[in-house]
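Both ligands and their constituent atoms are indexed starting at 1 by order of listing.
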Amino acid sequence: MTRIDARTRLVAVLGYPLGHSLSPLIHNAAFQAQGLNFCYVACPVRPDDLPAAVAGLRALQFAGANVTIPHKQAILNLVDERSDEAEAVGAVNTVVSMESDDGIRLRGDNTDVRGFLSPLGGLLPSLQGQDVVLFGAGGAARAAVYALLTRGRPQRLTLVAREEAKAAALAESLQSAGPDTELEARSFGEAGHAVRRSILVVNATPIGMTPGPDESPWPRATDFGPGQTVYDLVYNPPRTRLLREAEARGARVIDGIDMFIGQAAEAYRQWTSREMPHRVAREELERHLNRRPT
Ligand code: NAP
């Protein structure tokens, strides 16, 4: 364990409740592996106390923070500046403390956007001119849609939600980020054609997450096949039913651990000016999720 002394820099995650947060595990493992004198703590903050908690980050000169449910939107107006991603997604998941002549300035970022993109790598350029489908219309879907519109630029992106109106509202609010992509909204019952013709299928719903690992957002696995990539943002369990069935049908699969580490690595770089050791973070996470490292 890194020794805590007079020079230790503090980072916190602010949320409520916080019992399940895995962020302290991976950040502290990474700090320790790199011998950085940082310590990451989980701070449950009730909604009414968020302004006081943010003032506390400033006053106590924290290096930064992660922000999670239910504060991701409320903190937008409590920071001094916001990244383009935070503005576009309408949510902050990372705060970075910066010294200035006027004292400490807090910058709000949304690292889910780059975290989502990190495991897509070489696939991104091949999305142009192709179809992509995404399940869900919540916070993670918003970050993923913005990422796909600005960096993937598919020909058509179909958003699928149990209430089509929610998918339509998400499409309308982000269309300007990707004017060349045709955004369409569908209910699950109407999305079969979109799933079959898409080269990338993204799950941004919690379906398949513990304690419902036998569920799938798209149980009709015969719609999957070679040439497709199926990307599940759920990371607990890492091998969801969706991924198991898609892989069995010959599709390439990406689990949610890569995004989880990707979004953490973006925050880590901004707090420490160092690259997060991915392998250390992944092994720590997998150990915790009770899976043998790949
Ligand atoms: P959220 O804001 O609550 O949104 C969840 C979305 O899923 C909503 O559109 C919701 O629809 C839909 N949904 C929920 N249950 C459903 C069901 N039974 N059938 C159909 N649709 C359903 O949650 P979120 O923050 O976007 O997170 C979504 C998932 O992504 C979670 O599993 C989370 O762990 C994962 N995630 C992973 C990472 C990562 O780093 N890997 C990052 C962020 C999130 P309604 O609006 O109709 O309820």
Side-chain angles (χ1 to χ4, degrees), residues 13 15-16 18-23 25-27 66-74 85-86 89-94 109-120 133-148 158-171 173-174 185-191 195 201-220 230-243 253-268 276 278 281-282 285-286 288-289 291:
V13 54
Y16 199 82
L18 265 185
H20 61 285
S21 178
L22 299 176
S23 297
L25 276 181
I26 61 169
H27 283 287
N66 280 136
V67 184
T68 186
I69 293 167
H71 303 316
K72 285 183 175 190
Q73 284 84 29
E85 286 85 351
V89 175
V92 163
N93 76 338
T94 297
D109 191 15
N110 190 308
T111 64
D112 278 343
V113 174
R114 276 159 281 147
F116 171 80
L117 292 168
S118 61
L120 286 175
V133 65
L134 181 141
F135 306 133
R142 223 181 141 75
V145 170
Y146 178 76
L148 288 166
T158 303
L159 308 183
V160 183
R162 50 186 166 187
E163 284 178 49
E164 193 182 311
K166 287 190 180 171
L170 176 59
S173 72
L174 285 178
R186 290 278 180 271
S187 66
F188 279 88
E190 295 170 329
V195 171
V201 178
V202 180
N203 176 37
T205 77
I207 305 171
M209 203 169 124
T210 303
D214 295 331
E215 292 170 20
S216 166
W218 199 259
R220 212 168 58 201
V230 179
Y231 181 1
D232 200 339
L233 271 48
V234 170
Y235 56 85
N236 186 13
R239 222 62 177 171
T240 55
R241 176 181 161 193
L242 174 71
L243 295 190
V253 298
I254 302 174
D255 67 36
I257 290 187
D258 285 321
M259 173 172 171
F260 187 74
I261 293 173
Q263 59 79 30
E266 288 293 331
Y268 188 93
M276 176 180 256
H278 275 239
R282 184 171 251 276
L285 203 53
E286 288 179 331
H288 182 81
L289 297 174
R291 195 182 85 156

> Using the benzene-type ring in the case of Trp, are the ring centres of Phe135 and Phe188 under 6.0 Å apart?
Replying inline: yes
> Considering only heavy atoms from C-beta outward, does the side chain of Val133 approach that of Val160 to under 4.5 Å?
Replying inline: yes
> Who gets closest to atom 14 (C) of ligand 1 by heavy atom: Pro119, Gly256, Pro206, Gly208?
Replying inline: Pro206
> What pair of heavy atoms forms the shortest contact from Val13 to Leu18, and how long is it?
Replying inline: O-CD1, 3.4 Å
> Is ligand 1 under 4.0 Å from a heavy atom in the side chain of Phe135, in the backbone, in both, or in neither?
Replying inline: neither
> Under 4.0 angstrom from atom 40 (O) of ligand 1, is there any protein heavy atom?
Replying inline: yes
>> Using heavy-atom distances only, which candidate in Asn236, Leu233, Leu22, Val234 approaches atom 36 (N) of ligand 1 most closely?
In response: Leu233
> Can you list the ligand 1 atoms lying under 4.0 Å from a non-hydrogen atom of Gly136?
Replying inline: 9 (O)
> What residue and heavy atom of the protein are closest to atom 47 (O) of ligand 1, and at what distance?
Replying inline: Arg162 NE, 3.0 Å
> Can you list the atoms of ligand 1 that are under 4.0 Å from a heavy atom of Tyr235?
Replying inline: 39 (C), 41 (N)
> Do Ile261 and Leu285 have side chains that get closer than 4.5 Å, going by heavy atoms?
Replying inline: yes
>> Checking contacts now, so for atom 3 (O) of ligand 1, which I'm interested in, is there any protein heavy atom under 4.0 Å?
In response: no
> When you look for heavy atoms under 4.0 Å from ligand 1, do you find them on the side chain of Phe260, its backbone, both, or neither?
Replying inline: both
> Is the shortest distance from atom 20 (C) of ligand 1 to a protein heavy atom below 4.0 Å?
Replying inline: yes
> With a 4.0 Å heavy-atom cut-off (strictly under), which part of Ala204 contacts ligand 1: side chain, backbone, both or neither?
Replying inline: backbone
>> Among Ala144, Ala165, Gly138, which one puts a heavy atom closest to atom 6 (C) of ligand 1?
In response: Gly138
> Which residue owns the protein heavy atom closest to atom 23 (O) of ligand 1, what's the atom, and how far is it?
Replying inline: Gly139 N, 4.6 Å
> To which protein heavy atom is atom 46 (O) of ligand 1 closest, and what is the distance rounded to 0.1 Å?
Replying inline: Lys166 NZ, 3.0 Å
> Tell me: protein heavy atom nearest atom 9 (O) of ligand 1, and distance?
Replying inline: Ala137 N, 2.8 Å
> Which protein non-hydrogen atom lies closest to atom 33 (C) of ligand 1, naming both residue and atom, and how far is it?
Replying inline: Met209 SD, 4.6 Å
> If we ignore angles and hydrogens, is there a donor and acceptor under 3.5 Å between the side chains of Thr94 and Asp109?
Replying inline: no
> Of the non-hydrogen atoms in Pro70 and Tyr16, which two are nearest, and what is the gap between them?
Replying inline: CD-O, 3.3 Å
> Counting distance only, does the side-chain N/O of Gln263 pair as donor-acceptor with the main-chain N or O of Phe260 below 3.5 Å?
Replying inline: yes
> Using heavy atoms and a threshold below 4.0 Å, how should the contact between Ile69 and ligand 1 be classified: side chain, backbone, both, or neither?
Replying inline: neither
>> Quick check against the 3.5 Å criterion: does Asp232 have a side-chain atom that pairs as donor or acceptor with the backbone of Leu243?
In response: no
> Do NZ/NE/NH1/NH2 and the carboxylate oxygens of Arg282 and Asp258 come within less than 4.0 Å?
Replying inline: yes
> For ligand 1, which atoms sit closer than 4.0 Å to a heavy atom of Ala140?
Replying inline: 24 (P), 25 (O), 26 (O), 27 (O), 30 (O), 43 (C), 44 (C)
>> One thing to verify: whether Glu215 and Arg241 come together as a salt bridge, which I'm taking to mean a side-chain N less than 4.0 angstrom from a carboxylate O.
In response: no
>> Going by side chain to side chain contact (heavy atoms under 4.5 Å, CB included), Asn203 matches just one of Val234, Thr240, Leu134. Which one?
In response: Val234
> With a cut-off of 4.0 Å, which atoms of ligand 1 are near a heavy atom of Phe188?
Replying inline: 20 (C)
> Side-chain donor-acceptor pair under 3.5 Å between Thr205 and Arg162, yes or no?
Replying inline: no
> With side chains defined as the heavy atoms from C-beta onward, is the minimum distance between Met259 and Tyr231 less than 4.5 Å?
Replying inline: yes
>> Using a 4.0 Å heavy-atom cut-off, which part of Arg142 comes near ligand 1: side chain, backbone, both, or neither?
In response: neither
> Which protein non-hydrogen atom lies closest to atom 42 (C) of ligand 1, naming both residue and atom, and how far is it?
Replying inline: Met259 CE, 3.6 Å
